[in-house]
Structures are given as structure tokens and as C-alpha cells.
Amino acid sequence: MKKPQLPDKRGYFGEFGGKFVPETLICALEELECAYREAKKDKRFKKKLKGYLSEYAGRPTPLYFARNLSQFLGMNIYLKREDLLHTGAHKINNTLGQILLAKFMGKRRIIAETGAGQHGVAVATVATLFGLKCDIYMGAEDIDRQKMNVFRMQVLGARVIPVESGTKTLKDACSEAIRDWVTNVRGTYYLLGSTVGPHPYPLIVRDFQSVIGREAKRQILKMEGKLPDYLVACVGGGSNSLGLFYPFFKQTEVKFIGVEAGGYGLGDYNAASLSCGGIGVLHGAKSYLLQDNGGQIKNTHSIAAGLDYPGVGPEHAFYKSSGRAQYVVVKDKQALEGFKLLSKLEGIIPALEPAHAIYYLKKLAKKAKGLLVVVCLSGRGDKDLNIIQKYK
């Protein structure tokens, strides 16, 4: 497969992406795009980012051969251990990159959205590190189910702003953050947490997360002497999965599987935009969305707050339409089974988000034995233990 320019100069991945925003934000997005182009060429910027990723975040992360899980399923399974990073998830890769970009642009205030709280914690962490004021929007329902992460953000000095509108989850937190940015665009940097939103955010976040796949490629070649048969990762907005997938894009023999949240089941009780949605516009970009016949955004549900979002990044939409990736659905109960499976077999407690991907390995194992698989273990499960205790 010839590698296309992803995105093109207009910010499109095929037919997906773009900038569907108020006129107020067009100049801000152009300023951001220009600054990002300059930062990518700046040797000092790249050196700083590499240093913080290594010395502060803890990169490179291990590629761990999950021997017990491999024997149980009859495959060779490696886990890319993003859960071992500072703050407990892959989110720190992107927040370190964007906070340096904000400093590069001379911004003094950071705003962000968060669902499961892992992005919020990572934003609060880097804002404190660089001495910037930080406001984080979080849906009231997510605040209730992720109390410990809320407390972590507050300990780190961020102001957590509850969002009471709509479903009171990640979608509504994104909407409020965008409203704030429109009002305070001159001195505020919006540190978006996933590969969603208007161009250039899907590009920026993917690039900062691609360190996951670049490392994984080097590591698997050293350990196995060949590329994996499959890459598997959970997909909400899509940053951890694209971080793993993108560096392997040209190697078409490596198959991509994105695992979406099926919630209680299909219909209005899931968050599987690619598997169950249609094409529309949300938060400034054209992609696959969960919407009704009138184009109104549907309510979503997932036991994993980080996957509880009615849209997906436009690059994933392109991967789906082009056939480069396959997208599957795992329900709440199955994700809990994946959570228990990894905990009991490997002594690793995953977040509920990657637990969806762990469960799907059981289905993948039925197709063929002996596969070589790399799974992105995007976060650790400390934040979800209270949910596990309450779940019936």
C-alpha cells in the first residue's frame, strides 16, 4: 500500500477530518498548525520532548511477553506496557508534547477535557511541571465514577469543572472546553486528549502518540525477528490505537484490530461509533458518529469512561473505509472478563479500556493458533477498582 499523506494539506484523511468550527477558531487553528510545523523542525523542541519522555515519563516502555496468557490462548502475545508510564497511561506522551508546544507558542493557560480522568491527570501533571494555570472540564457522571482521578487532578493544582449538560460525560466535557476556548482563545491553549477534533489536532495527537508504535516495531523485531501478525488496541477517540498502528501503516501484512465499547449491547447502550454509527460532524471534524435519523448525537454507554464517546478520530474512519483496519465490539461484561483474565494470569491489573482489547484476544485465538500479537496496554486499572467492586 502506497502511504498517502495523512492528513492532506486541508486536514483530511480521505473524506474524513477537516475544520468544522466557528470562524473565531479558524485563526487559532491556523496559528496552532503553523507553530506545530515550526516546532517539528526545531532541534531544541525535539531534544526537550525526547528528554522529558525518557527522564520524566519513563520511556521506552517494555514490550512484555505475556507467557501465561499466551499459553492459555495458544498465541504469542506481547503487551506494550504504557500502563507503566508516569501517571499510569499513554496520555502523558501527548500532554508532554502539547505542553511544550503551548510554551513554544507563549500560552499561559491550559484547558482540557477528560473522561476517565487519565488525560486530565496527565494535563494537570504537565501544567504543574511547567507552571501554567490549568482548568479541566469533566462530565458530572464521570466525576462520580472516577473520584480518585478527580482528587489527583486537584492535588496537582488543577481546577476540575463539572459539566452538568447532556449526558454529563466526555462528549459534553469536549463541548464545554471548546466553548471556553472560543471565549479565551488569545491566551489559552486547548490541550486536546485524543485524535479527534478539528485539524491539526488529530495529526498532532497521533504524532505525539506514535512513539508507542515506533518503539514496539523496534522491540518486536529484536525479540522475534519479525513483525507481528496483528496489532490490537481499544478505540474510543483513538489515540493509543493510532499511536500503535500508524508506524506500521505501510506494512500491510500487519493487520490492525480496533476494539470498541459495546456497553450493555447494541442500540443506544454502546459507544461503538465505527461499528454501529454513520458519517457526520462532531467537535469540528467529519467522522463516524452515533446519531439518530435527524443527525442528533445519541447517548452512549460504556463501563470504561475513556471509551464513552459518540465519535471517533477521522484517521480511524479512513482506516475503516479503506479496509486498512478492522473494528470489533466488546461489551461491558466481556471487558470485565478481560480485566480478570489479565489480572489472574499475569498479575497485571489493566484499566477497563484496554481490558476490552484483552478480551478480544479470546475471539482472535479461535481464528488461528500461533499468531504473533502485540496489544497496547494503554493504562493501569487503579482508577477502575471501585467500578469493578460495584458492578453486578
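Only a predicted model underlies this, so the values are computations on that prediction, with no experimental measurement involved.
- Separation of atoms NZ (Lys80) and CD (Glu215) is listed at 4.0 Å; rounding is to 0.5 Å.
- Separating the CD atom in Glu346 from the CZ atom in Phe72 is a distance of 11.5 Å, to the nearest 0.5 Å.
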Salt bridge (charged side-chain N to carboxylate O under 4.0 Å, His left out) evaluation trace for Glu353 with Lys383: CA-CA 11 Å; Glu353 288 80 11; Lys383 69 183 180 63; 2.8 Å; yes

Derivation of the salt bridge (charged side-chain N to carboxylate O under 4.0 Å, His left out) call for Glu33 and Lys19: CA-CA 12 Å; Glu33 186 177 1; Lys19 299 177 185 175; 3.6 Å; yes

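- Taking both residues in full, the closest heavy atoms of Ala261 and Ser302 are given as CB-OG, 3.4 Å, listed atom of the first, atom of the second, then distance.
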Evaluate side-chain contact (heavy atoms from CB on, under 4.5 Å) for Val126 paired with Ile92, printing each intermediate quantity in order. CA-CA 8 Å; Val126 298; Ile92 195 73; 3.9 Å; yes

Trace of the side-chain hydrogen bond (donor to acceptor under 3.5 Å, both in side chains) decision for Asn94 with His119: CA-CA 9 Å; Asn94 172 53; His119 175 60; 4.7 Å; no

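- Of the residues listed (Arg159, Gln154, Met153), the one engaging Ile136 in a side chain to side chain contact (heavy atoms under 4.5 Å, CB included) is Met153, and it is the only one.
- In this structure, a donor-acceptor pair under 3.5 Å is present between the side chains of Thr61 and Glu82.
- Using a 4.5 Å cut-off on side-chain heavy atoms (C-beta onward), Ile349 and Leu385 make contact.
- Taking a cutoff of 4.0 Å between a charged side-chain nitrogen and a carboxylate oxygen, Asp180 and Arg109 qualify as a salt bridge.
- For the atom pair CG (Leu203) and CG (Leu6), the distance works out to 9.5 Å, reported to the nearest 0.5 Å.
- How far OG1 of Thr169 is from CD of Glu141: 6.5 Å, rounded to the nearest 0.5 Å.
- For the residue pair Asp332 and Tyr264, no side-chain donor N or O sits within less than 3.5 Å of a side-chain acceptor on the partner.
- Closest approach of Asp308 and Ala271 over heavy atoms only: CA-CB, 4.2 Å.
- At a cut-off of 3.5 Å, with distance as the only test, a side-chain donor of Gln146 or Asp384 sits close to an acceptor on the other residue.
- Nearest heavy-atom pair across Leu242 and Ser210 is O-OG, 4.5 Å.
- Tyr319 has its ring centre less than 6.0 Å from the ring centre of Phe249.
- Contact check for Arg380 versus Ile348: no side-chain heavy atoms found under the 4.5 Å cut-off.
- Taken to the nearest 0.5 Å, the OH atom of Tyr190 stands 13.0 Å off from the CG atom of Asp135.
- Ile279 has its side chain out of reach of Leu289: every pair of non-hydrogen atoms, C-beta onward, lies at least 4.5 Å apart.
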Please assess Tyr246 against Asp207 for the test side-chain hydrogen bond (donor to acceptor under 3.5 Å, both in side chains), listing each intermediate value before the final yes or no. CA-CA 9 Å; Tyr246 183 69; Asp207 284 356; 5.7 Å; no

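- Ionic pairing of Lys333 and Glu337 is not present here: no N-O contact between side-chain nitrogen and carboxylate oxygen is shorter than 4.0 angstrom.
- Here OG1 of Thr125 is found 7.0 Å from CZ of Arg152. Values are rounded to the nearest 0.5 Å.
- A donor and an acceptor atom, one from each side chain of Lys217 and Gln251, are located under 3.5 Å apart.
- A 4.5 Å side-chain heavy-atom check between Gln118 and Asn149 finds at least one atom pair inside the cut-off.
- When every heavy atom of Val196 is checked against every heavy atom of Val312, the shortest pair comes out as CG1-C, 3.9 Å.
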Given Tyr201 and Tyr36, is the ring pair (Phe, Tyr, Trp, His ring centres under 6.0 Å) satisfied, shown in steps? CA-CA 10 Å; Tyr201 278 112; Tyr36 181 58; over 10 Å; no

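- Not less than 6.0 angstrom separates the ring centroid of Phe16 from the ring centroid of Phe318.
- Within the 4.5 Å cutoff, the side chain of Val254 has no heavy atoms near those of the Tyr230 side chain.
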Full working for salt bridge (charged side-chain N to carboxylate O under 4.0 Å, His left out) between Arg179 and Glu176: CA-CA 5 Å; Arg179 289 189 188 100; Glu176 288 301 320; 2.4 Å; yes

For His316 and Tyr288, run ring pair (Phe, Tyr, Trp, His ring centres under 6.0 Å): C-alpha distance rounded to whole Å, both residues' side-chain angles, the deciding distance at 0.1 Å, then the answer. CA-CA 9 Å; His316 277 296; Tyr288 279 90; over 10 Å; no

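- Residues Thr300 and Tyr309 fail the side-chain proximity criterion, which asks for heavy atoms closer than 4.5 Å.
- Taking both residues in full, the closest heavy atoms of Lys91 and Gly193 are given as NZ-O, 3.1 Å, listed atom of the first, atom of the second, then distance.
- By the 4.5 Å heavy-atom criterion applied to side chains, Asp144 and Lys147 are counted as neighbours.
- Cys376 is listed as a side-chain neighbour of Asn240, based on a closest heavy-atom distance under 4.5 Å.
- Leu282 and Pro310 get closest at one heavy-atom pair: CD2-CG, 4.0 Å.
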Where do Ile212 and His90 land on the side-chain contact (heavy atoms from CB on, under 4.5 Å) test, with the steps shown first? CA-CA 8 Å; Ile212 300 171; His90 70 292; 4.1 Å; yes

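- For the residue pair Ser165 and Asp172, no side-chain donor N or O sits within less than 3.5 Å of a side-chain acceptor on the partner.
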side-chain hydrogen bond (donor to acceptor under 3.5 Å, both in side chains) assessment of Tyr78 paired with Glu224: CA-CA 10 Å; Tyr78 284 83; Glu224 290 284 343; 2.6 Å; yes

Would you check, one step at a time, whether the test salt bridge (charged side-chain N to carboxylate O under 4.0 Å, His left out) holds for Glu31 with Lys107? CA-CA 12 Å; Glu31 177 193 19; Lys107 304 296 183 181; 3.4 Å; yes

With side-chain hydrogen bond (donor to acceptor under 3.5 Å, both in side chains) as the criterion, how do Arg145 and Asn386 come out once you've worked through the C-alpha distance, each side chain's angles and the decisive distance to 0.1 Å? CA-CA 8 Å; Arg145 57 179 170 173; Asn386 64 323; over 6 Å; no

